[in-house]
Amino acid sequence: MVNYRGIRLAWLAFCLAGASIPAWPASARLGALQLEYEPPWERAEAAAETAEDSLILRLEGTEARLEVFLPRQRPRLKIDEARFLEQLEARWTAHYGTAASFDWVEAGARRWRLCRRPSLAGDATVFQLVAVHDGEAYQMVALSPGQRQSLPLSLRELLARASWVPAVAATTPTAVASAVAVPAAGAEPAAAVPDLAPHGGRWRLRRTLVFLPLRPDWAALAEAERGHIAGSAWVSGIGLGREGSGLAWFIEGYAWLPGEGGQEVRQPFSRRWRIGWAPPAPLWIGGEARTLSLSFAGEAAEGPAEGGMTVELRWLAVCAPRKSIIALLDDLERGDVAAAGHLSAMTAACVSENPPPALRLNVSAAERAKSVAHHLVKEVTVPLPAAWEKNLKARTPGVVRLLLEVRFMASTSGDQPGDAMLKPVAAYFVYVPDV
């Protein structure tokens with residue numbers, strides 16, 4: 001059986017005070033939510049509930065072993081329910097990416113929003129349910145061993161016995177909320193993240209594109225890459241292209257290196273790598289920090305040892321008439337080399353004070369070596385400073401768009417095989433005002 005002891009549940013978007021656990025002989029009462037239960041469901045010991053700041057039910061000895069947590073905090077919404085659920089799903093997506101799936105569950109005279117995802121350890125399935133009642137958000141988190149595609153029947157039956165009654169006054173303090181999340185099973189207590197309250201503007205992901213030069217000068221690139229190889233070298237093959245949500249590139253050839261007796265030895269070299277990314281948050285609010293997941297994979301390399309890899313991220317603001325920005329994005333996606341100049345001009349057309357600094361994600365040589373056998377996944381947290389984005393404006397009539405630009409280096413120094421190819425390449429995530 002999966003051991004779930006020590007799991008810490010947290011409301012990542014805010015910090016709330018706890019309260020004493022009410023008596024629960026045959027039912028669980030949390031504010032207006034009441035759950036009737038019977039054996040084989042059992043209540044956890046008081047010490048465990050105090051440690052987790054939650055009511056806990058356990059189902060043992062069946063084919064569907066479950067542990068259910070009901071956090072005592074009931075955040076009070078300061079936005080409408082539809083927007084709250086939208087932000088909630090965006091937060092889940094930002095934290096768990098494509099591993100998360102969503103559904104609705106009708107039970108206990110209430111509609112629950114369901115997020116299903118695997119635990120980080122991969123040995124359990126996490127079901128996270130949230131319902132809104134009288135302006136308060138109620139949460140239920142169920143942990144089930146193994147990989148499950150549907151809500152366990154025992155949990156559906158427990159939900160079906162839920163009822164909503166007038167809340168008991170002063171049982172649990174409430175707090176203003178705009179989003180909810182919990183860490184995966186077995187995780188350490190999560191660090192607090194910035195409040196999701198809309199300090200700045202709301203931005204909606206409208207488009208994702210990759211800029212690759214339309215007709216690269218392969219001969220010139222091969223010559224530039226040859227200069228990145230120690231000793232005399234000859235590049236026999238070179239290539240770069242897009243693969244789904246990512247890039248793939250290779251370089252191969254021969255290097256003549258000093259050998260015994262002063263004789264040069266011809267040594268083949270080969271590098272093949274892939275970089276991928278999960279889509280960022282569909283909704284981004286000024287003042288939020290979001291997580292972008294990147295994956296690295298390679299094939300067994302021949303030749304001299306190589307170093308790490310670097311990914312650089314930065315926010316750009318572009319200002320121009322809407323149709324001009326659309327044309328620019330189309331040119332970037334087609335690989336028009338003149339588009340880089342147009343992008344710089346549109347960036348200069350924005351009044352932008354204190355732009356956010358670029359962020360760097362470094363992959364060490366040891367990490368990169370491990371990615372040959374297994375995909376290496378790394379995350380980078382990207383803030384969107386409200387003080388910057390909410391003061392953006394166009395110098396001339398036009399609209400403002402935000403671009404999260406991602407650039408790549410085949411090394412940490414920028415002077416290794418593959419760097420010449422990757423230098424002009426960039427991925428762009430385009431955000432428009434969400435009104």
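Numbering of residues begins at 1 and proceeds along the displayed sequence. Values below: all heavy atoms of this structure, side chains included; hydrogens, waters and symmetry mates excluded.
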Check: Could you give the distance from CG (L35) to CG (L57), rounded to the nearest 0.5 Å?
Finding: 7.0 Å
Next item on the list: List the steps, then state whether side-chain hydrogen bond (donor to acceptor under 3.5 Å, both in side chains) holds for Q34 with E36.
Entry: CA-CA 7 Å; Q34 183 164 302; E36 303 293 336; 2.8 Å; yes
Checklist line | E42/R58 ion pair, N-O < 4.0 Å | finding: no
Check: Is the backbone N or O of R148 less than 3.5 Å from a side-chain atom of T125, with the two atoms forming a donor-acceptor pair by type?
Finding: yes
Check: With respect to Y428, which candidate in T208, L316, L329 satisfies the side chain to side chain contact (heavy atoms under 4.5 Å, CB included) definition?
Finding: L316
Notebook entry, point to check: Does the pair W203 and E389 meet the rule for a side-chain hydrogen bond (donor to acceptor under 3.5 Å, both in side chains), with working shown?
Noted result: CA-CA 10 Å; W203 298 87; E389 60 84 22; 2.8 Å; yes
Next item on the list: Establish, yes or no, whether the cationic atom of R113 lies under 6.0 Å from the six-membered ring centre of W104 and within 45° of the ring axis.
Entry: yes
Checklist line | Row check, F127 ring normal vs R116 NZ/CZ: under 6.0 Å, within 45° | finding: no
Next item on the list: Over 60° means perpendicular and under 30° means parallel, so classify the ring planes of F102 and W92, tilted if in between.
Entry: parallel
Next item on the list: Would you sort out whether T291 and E379 count as a side-chain hydrogen bond (donor to acceptor under 3.5 Å, both in side chains), showing the intermediate values?
Entry: CA-CA 6 Å; T291 300; E379 294 184 338; 5.0 Å; no
Margin query: Less than 4.0 angstrom from a charged side-chain N to a carboxylate O is my criterion; do E288 and R290 meet it?
Written below: yes
Note to self: For the CG atom of L404 and the CG atom of L292, what is their distance to the nearest 0.5 Å?
What the structure shows: 6.5 Å
Checklist line | Polar side-chain atom of N391 near backbone of A387 as donor-acceptor pair, under 3.5 Å | finding: yes
Check: Are the side chains of V337 and L214 in touch, meaning some heavy atoms are under 4.5 Å apart?
Finding: no
Next item on the list: Please check if atom CZ in R242 has more than 12 non-hydrogen atoms from other residues, nucleotides or ligands closer than 6.0 Å.
Entry: yes
Item checked: salt_bridge(E136, R74) N-O dist < 4.0 Å -> yes
Notebook entry, point to check: Would you call D330 and R207 a salt bridge, using N to O less than 4.0 angstrom?
Noted result: yes
Notebook entry, point to check: Short question: side chain of S324, backbone of A320 - any donor-acceptor pair under 3.5 Å?
Noted result: no
Notebook entry, point to check: Are the side chain of R76 and the backbone N or O of D134 linked by a donor-acceptor pair below 3.5 Å?
Noted result: yes
Item checked: N354, CG: over 12 other non-hydrogen atoms inside 6.0 angstrom -> no
Next item on the list: Run the salt-bridge test on R204 and E86 with the 4.0 Å N-O cut-off and return the result as yes or no.
Entry: yes
Check: Do R407 and E405 meet the salt-bridge criterion of a basic N to acidic O distance under 4.0 Å?
Finding: yes
Check: Using the ring of each side chain (for Trp, its six-membered ring), is F429 parallel, tilted or perpendicular to W277, with breaks at 30° and 60°?
Finding: perpendicular
Check: Counting heavy atoms not belonging to K378, are there more than 12 under 6.0 Å from its NZ?
Finding: yes
